[in-house]
Colleague: 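The following block contains the structure, expressed as C-alpha cells.
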Amino acid sequence: MEYKVKIDAFEGPLDLLLHLIKKLEIDIYDIPVAEITDQYLDFIHHMQKLELNVASEYLLMAATLIAMKSRMLLPKPELLNDEDDDSYEDPEMTREALMQQLLDYRRFKEAAEALKDSEKKRLLLFAKPPSDLTRYENNDLTTIPLSGRATMHDMLRAFRRLMLKKKLEQPLNTKIDRQVLPIGQQMNLVLQKLKTSDHGLSFHSIFSYPDRTHLIVTFLALLELMKMNAVTCVQSANFDDILINLGEGADDFEANENPFDY
Amino acid sequence: MILKPTKIRSIIEGLLYLTGEEGCLIEQINKVLPECTNQEIINYVEQMKKDYEADEASGLMIVDQPKGYRLTTKPFMANYAESFAAIPKTAPLSQAALETVAIVAYKQPVSRIDIEEIRGVKSERALQTLVVKGLIKEVGRAEGSGRAILYGITPVFLDYFGLHDLSELPPLSEMMKHQNEQIDAYDLFYDHYKETIKEL
Amino acid sequence: MILKPTKIRSIIEGLLYLTGEEGCLIEQINKVLPECTNQEIINYVEQMKKDYEADEASGLMIVDQPKGYRLTTKPFMANYAESFAAIPKTAPLSQAALETVAIVAYKQPVSRIDIEEIRGVKSERALQTLVVKGLIKEVGRAEGSGRAILYGITPVFLDYFGLHDLSELPPLSEMMKHQNEQIDAYDLFYDHYKETIKEL
C-alpha cells in the first residue's frame, strides 16, 4: 500500500477510516475491528506530516479503535448482573456507534460532493456587470427606502472584516494623523491642484481627508485664496457643488512667503 | 394592450440583459409586465432556457437564482471569457468548507458542536470562511447554558450553488436508498483523492 | 481545430454579452478567435445584427461603435427599462461595493490599484457601481507616468450613510482595537438577508 500521504489529504479520522474501508473492500456494515485498527495505526504512523493541532483528532480515534479491539479480544464477562453493567462497555455497541457515525459522515460527504459539482458548474458561468440604468431613472439614492439601505454599520463591518481578512493590523490613517497643516501649504496645494486640472475643481474634491484639522485648514486656505482673488468660486444653484477655478491673482501668489503659517 | 408572446419574451430577455450578473427577480419582471402572472413569467423563462440551450449559435443561457433568473454565458465560454482580464476568478471552496456547508444546509439550524460531531474534526475555520463568504449566517442561539450559535444558510448559498430554493437540494434520505450507486460515486471520489495524493 | 460557424457565432455573442455596454473591439474578438480574419468577424457580426433585428422574440440588438460592436437592448425596451428602474430598490450595496466604498472613505484620494491591493481582488466593477450610484467620484489624478484616477467620496455618500460630514466616521484606529469581538459580529453583517431560508 502506498503510504506517502500528507495528513491534509484527509478531512479527519472519519475520512481516513472511510478511505481504508473503501481501499480494503470492507463492508461498512460489518467492520472487522482488529483489521481496521491495525490499518489505521499503520496509516497514521506513515503520515508524513502530523501537525500537532490536527493530530489529536486522529490520535483520539486511534485510542477508541485500540480500546475497542482490546475489549473484543477479551472474553465477555459472564453472569452479569444488570447493576454491574455500568463498568462494562460492550465493544459491539461501540462498533455500532462508529458505523453509524461513518454512515452519517459519508452521507454528508456525498452531499458535499454534489455541491462541489454545482459549484464547479456555476464557476464556469459569467455575466456582464449590470447596465447603467441611470439614464432611465431618477438617480437619487435618497429615494431608496431607509429599510433597504446598507447602513454605516454594514459598511464598517464589511471594512473590519476585510481588514481582518488581510490581517492589516496597522491603522491606515497613521500617515495623516497628527499631521501639521499650515494654511500656506494648504493654499499652495489647492492652487497646484487647480493648475494641473484643466476644468476647475469641485468644492468637495478639495476636502480629501476624513480629518477634522485637515477640513478646517483647507477651508481657511480656500477663504484666503478667495480673498486674494487667486481663486473664484461658482455655484450654479442652491446646494449644488461649488466649482472652484483659478482666479486672476493666482500667478501673484507666492506661497512660501505668505504670513499665514499659524 | 395585450402583448404578443414574442414581445413578452423579448422584454424578459432585455431585462435579463440589463441586469446582468445581478439578475432579475420574478417579482421585478412582474412589475414591468403586470399583465403576466408570476407563473406565466416562469413558464416563459423556462421555455427561453430550453431555447437558449438548444441554440448552438448562442453563447448565452439562463440560470436560476433565488427567486429569479440571470443571463450568463454558457460553460464552454469560460475558456474564451477568461482571456478577458476584467473577469475576476473565484476560488472554489475547500473540502472542509463544502462538507460544513452541506451539513448546515441539511441540518440547519445547527451548532458548531453538531457539525464537529458529524465531521469528527474541528470546524471553526470552515465556519468562519463560510460566514465571511456570506453562505451561512447565525440564525439563533441554542437553548441551554452554552447558548451556542446556531447556523443556517443564506440566499447567497442558493445563488452560489445555482439553486432556486432549498427544496432543490437532493434529499439526503433518498441518497441512502441508492447505496450501491453511491458506492460507485464514492469510488470516483477517491479516484480524485488519489490524484491529490499523487500531487503531494 | 476548425470551429463550426454556429460555434463562432455563439462565441461572438458570448463576448458581446460579457463586455456589455462597453462593447467589444473587432481586434479583441480576433484575439479570442485567431482562426478568423477581421473581415470574417465583421461578416459574422453583420449577419448576427440582421438576425437579432428580425427576431421579434429578442429584446437585444448589436450596434456599431468605433472599431467594434456593442450588444444593447432594442429601442422599444426603453419604456420597460424605465419601469424597471422605477421599482424601489431594496437591494443594499453588495459586499464588494461596501468594502470598496469604505476604503475610499478612509483612504481618499485613492486609486484603483491601492484599493485592489487592500482587497486582494479586482475592484473595477465595484468602483464602477459606486460611481454610477454617485457615492464616489473622480477627484484627481495621481502623479507619475500612469496618472491613475483618484477616487474620493461625494456628498451622496454622506447622505446615504446618514453622516453630516466625514469627521463622523469612526477613526480607524478605534475600530481595529476590537478585532476579536468582530469575528462574532460578522454574521450580523448578513442581517440584511432579513428573510430566513424558510421564507424563500
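Being a predicted model, the structure only gives us computed values, none of them experimental. All values below were derived from every heavy atom in this structure, side-chain atoms included, with hydrogens, water molecules and symmetry-related copies excluded. Convention: sequence-line order gives letters A, B, ...; per-chain numbering from 1.
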Colleague: Near C/Glu27 CD, under 6.0 Å, is it more than 12 heavy atoms from other residues, nucleotides or ligands?
Modeller: no

Colleague: Based on non-hydrogen pairs under 4.5 Å, which of B/Ile8, B/Val32, B/Leu16, B/Ile29 is most in contact with chain C?
Modeller: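 So the answer, after comparing B/Ile8, B/Val32, B/Leu16, B/Ile29, is B/Val32.
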
Colleague: Tell me whether the count of non-hydrogen atoms from other residues, nucleotides or ligands lying under 6.0 Å of CD in C/Glu53 goes above 12.
Modeller: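 It does not: C/Glu53 CD has 12 such atoms or fewer within range.
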
Colleague: Below 4.5 Å, heavy-atom pairs only: which of C/Ser58, C/Gly14, C/Ala81 has the largest tally toward chain B?
Modeller: C/Ser58

Colleague: Take a 6.0 Å sphere around CD of C/Glu22 and say whether it holds more than 12 heavy atoms from other residues, nucleotides or ligands.
Modeller: no

Colleague: Using side-chain heavy atoms (C-beta onward) and a distance below 4.5 Å, is B/Thr19 in contact with C/Phe84?
Modeller: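 Side-chain contact under 4.5 Å: yes.
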
Colleague: Given side chains that start at C-beta, do those of C/Tyr17 and B/Met77 come closer than 4.5 Å, heavy atoms only?
Modeller: no

Colleague: More than 12 heavy atoms of other residues, nucleotides or ligands under 6.0 Å from CD of C/Glu143: yes or no?
Modeller: no

Colleague: What distance do C/Ser83 atom OG and B/Lys31 atom NZ have between them, rounded to the nearest 0.5 Å?
Modeller: 11.0 Å

Colleague: Heavy-atom cut-off 4.5 Å, strictly under: side chain, backbone, both or neither for B/Lys4 against chain C?
Modeller: side chain

Colleague: For chain C, find which of B/Leu71, B/Leu15, B/Leu33, B/Asp51 contributes the most heavy-atom pairs closer than 4.5 angstrom.
Modeller: B/Leu71

Colleague: Distance from B/Lys74 atom NZ to C/Ile11 atom CD1, nearest 0.5 Å?
Modeller: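 One gets 11.5 Å once the value is rounded to the nearest 0.5 Å.
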
Colleague: Quick check: are there more than 12 heavy atoms from other residues, nucleotides or ligands sitting under 6.0 Å from CD of C/Glu56?
Modeller: no

Colleague: Can you tell me which portion of C/Ile12 sits under 4.5 Å from chain B's heavy atoms? Options are side chain, backbone, both or neither.
Modeller: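 Interface part for C/Ile12: neither.
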
Colleague: What are the two closest non-hydrogen atoms of C/Ala57 and B/Glu13, and how far apart are they?
Modeller: O-OE1, 4.4 Å

Colleague: Rounded at 0.5 Å granularity, tell me how far CG in C/Leu18 sits from OG1 in B/Thr72.
Modeller: 9.0 Å

